[in-house]
Amino acid sequence: MSSVRVLVGTRKGAFILSADGARTDWRVDGPLFSGWEIYHVTGSPAHPDRLWASQSTGWFGQQVQRSDDGGATWAPVGNEFAYAGAVGDHQWYDGTPRPWDFTRVWHFEPSPTDPDFVWAGVEDAALFSSADGGATWRESRGLRDCRGEDWMPGAGGLGLHTIVLDPADPQRMFVAISAAGVFRTDDGGTTWRPVNRGLHSGHLPDQDAEIGHCVHRIAMHPSRPSTLFMQKHWDVMRTDDAGENWYEISGDLPTDFGFPVQVHAHEPETVYVVPITSDEFHVPPEGRLRVYRSRTGGTEWEPLTAGLPQRDCYVNVLRDAMAVDSLDSCGVYFGTTGGQVYASRDSGDTWEAVVRDLPAVLSVEVQTLP
Amino acid sequence: MNPHAADARPARDARVRVVLPGHLCVLADVDGELTLPAAEPVTIGSVLDAVEEAYPVLRGAIRDHGEGARRPYVRYFACEQDFSFDPPETRLPDAVAGGAEPFLIVAAIAGG
């Protein structure tokens, strides 16, 4: 019988939630790495018991932890992320140049075929990879050649937070960087170019600029690799030509501000977002926690409320804190800054809290196991 | 002249005691104080070298990988003195070199 493993990174440690395919009885294991901030935990599609965790603190920096037994035991691997060549400068908040300075790994994206290969998106924004199981890390410097000197951090830092691999073309991938935008490579990460045409951002002097857009998250359905969905600082967007042109699909959402966006595992036109009031008040409108689902690829959205708090709820759902499993019917999961992890086993129609009182949730990933 | 500056005496091993902050105990999977051999003369650098030699996982967590600079929110105390801003070749008190007092690696107060 199939089972699911939900990997949760929080402000204070990681947790692993597991259940069989019925997804009714959950086991909660953790905290792992007690006291450490865990930006991301994820698993290798090629070796599902190989897990990666990004462990950091403001005091002691970054550690990369790896498990080869599904999270039962962990061991640190390499943690040296040296920028390639001359470090160079990017803009600081006041517009002055500031040297690139590594802080942490925001996101891992393991290879779908090679258990020893994993991509890492880091702050200050850059893309690294390891081909030796995490022992050593190498920067794909070509990304920062896309006017990296003009990138400026957002309030959350200059983080490379999203890595999307094209399952149809191993040479193509997309990354998204806070306050810089989306970038694409067609040669496996050697050269890159910005793909932000169609994005409009009121905080930019040139609202249609090539870079500088605050992209919060992008998502792709594996059967439609040229279609991507985006939750931007404001606006929910879509492209059908691999980022060459984006168009807005916010439609009848109560607010088009938010962080996560996800695509249903079996329905490439079914998309999920969690609207948040505004950029200055990161809480659900009217204190009602609602996931919004579109079954038409955007523009028409329906609120999903069953099992979610509909009063006095003032939590946020961060960019990496929503995921789907691949069971039938599709399971949808998200974690909140209030420490709840909600799960739906019917594509979002109904929800229940798997666990309610974790530290603030930073990331949620799901593994569907045979 | 800095009275703690390292001299050129022949190197030999001393046994030093080191106290790690809680986060690093979790990371290194240790419980309580460490006792380690450290090359003499016992300096800030030689003690940190000894810690990293015994616990490679701590490389990068106390000093950065590049220049070996102390991470900003890490502090070094010994014998009620703050050695955080002293250079790595600074010689530590005899009480630390002799194992009577520990070298304290401390996480500075820095919010939640």
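Every chain is numbered from 1, with letters handed out A, B, ... down the list of sequences. Because only heavy atoms are used, hydrogens play no part in the values below, and waters and symmetry mates are left out as well, while side chains stay in.
- Side-chain atoms of B:D64 and A:E80, non-hydrogen and from C-beta on, never get closer than 4.5 Å to each other.
- Heavy-atom pairs under 4.5 Å with chain A peak, among B:L24, B:V57, B:V26, B:I62, at B:L24.
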Using the side-chain contact (heavy atoms from CB on, under 4.5 Å) rule, take A:W36 and B:L27 through it: C-alpha gap first, then chi angles, then the decisive distance, then the call.
CA-CA 9 Å; A:W36 285 73; B:L27 179 61; 3.9 Å; yes
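- Between the side chain of B:H23 and the backbone N or O of A:F60, no donor-acceptor pair lies under 3.5 Å.
- Contacts of A:Q65 with chain B are made by side-chain atoms alone, with heavy-atom separations under 4.5 Å and no backbone atom involved.
- Atom CG of A:D69 sits in a crowded spot, with more than 12 heavy atoms from other residues, nucleotides or ligands closer than 6.0 Å.
- For chain A, the nearby part of B:P21 is the side chain; its heavy atoms alone come within less than 4.5 Å.
- Counting non-hydrogen atoms of neighbouring residues, nucleotides and ligands closer than 6.0 angstrom, the CD atom of B:E53 reaches no more than 12 such neighbours.
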As a quick check of understanding, evaluate side-chain contact (heavy atoms from CB on, under 4.5 Å) for B:L58 and A:Q63, giving each step before the final call.
CA-CA 9 Å; B:L58 299 180; A:Q63 298 289 330; over 6 Å; no
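- Atom CG of A:N79 sits about 3.5 Å away from atom NE2 of B:H65, to the nearest 0.5 Å.
- Taking 4.5 Å as the heavy-atom cut-off, none of the residues of residues 82-94 of chain A approach chain B.
- Remark: A:R138 CZ is loosely packed, at most 12 non-hydrogen atoms of other residues, nucleotides or ligands lying under 6.0 Å away.
- Residues meeting the salt bridge (Lys or Arg N to Asp or Glu O under 4.0 Å) test with A:D320, sequence neighbours left out: A:R217.
- The two residues B:A108 and A:W59 have their closest heavy-atom pair at O-NE1, 2.7 Å.
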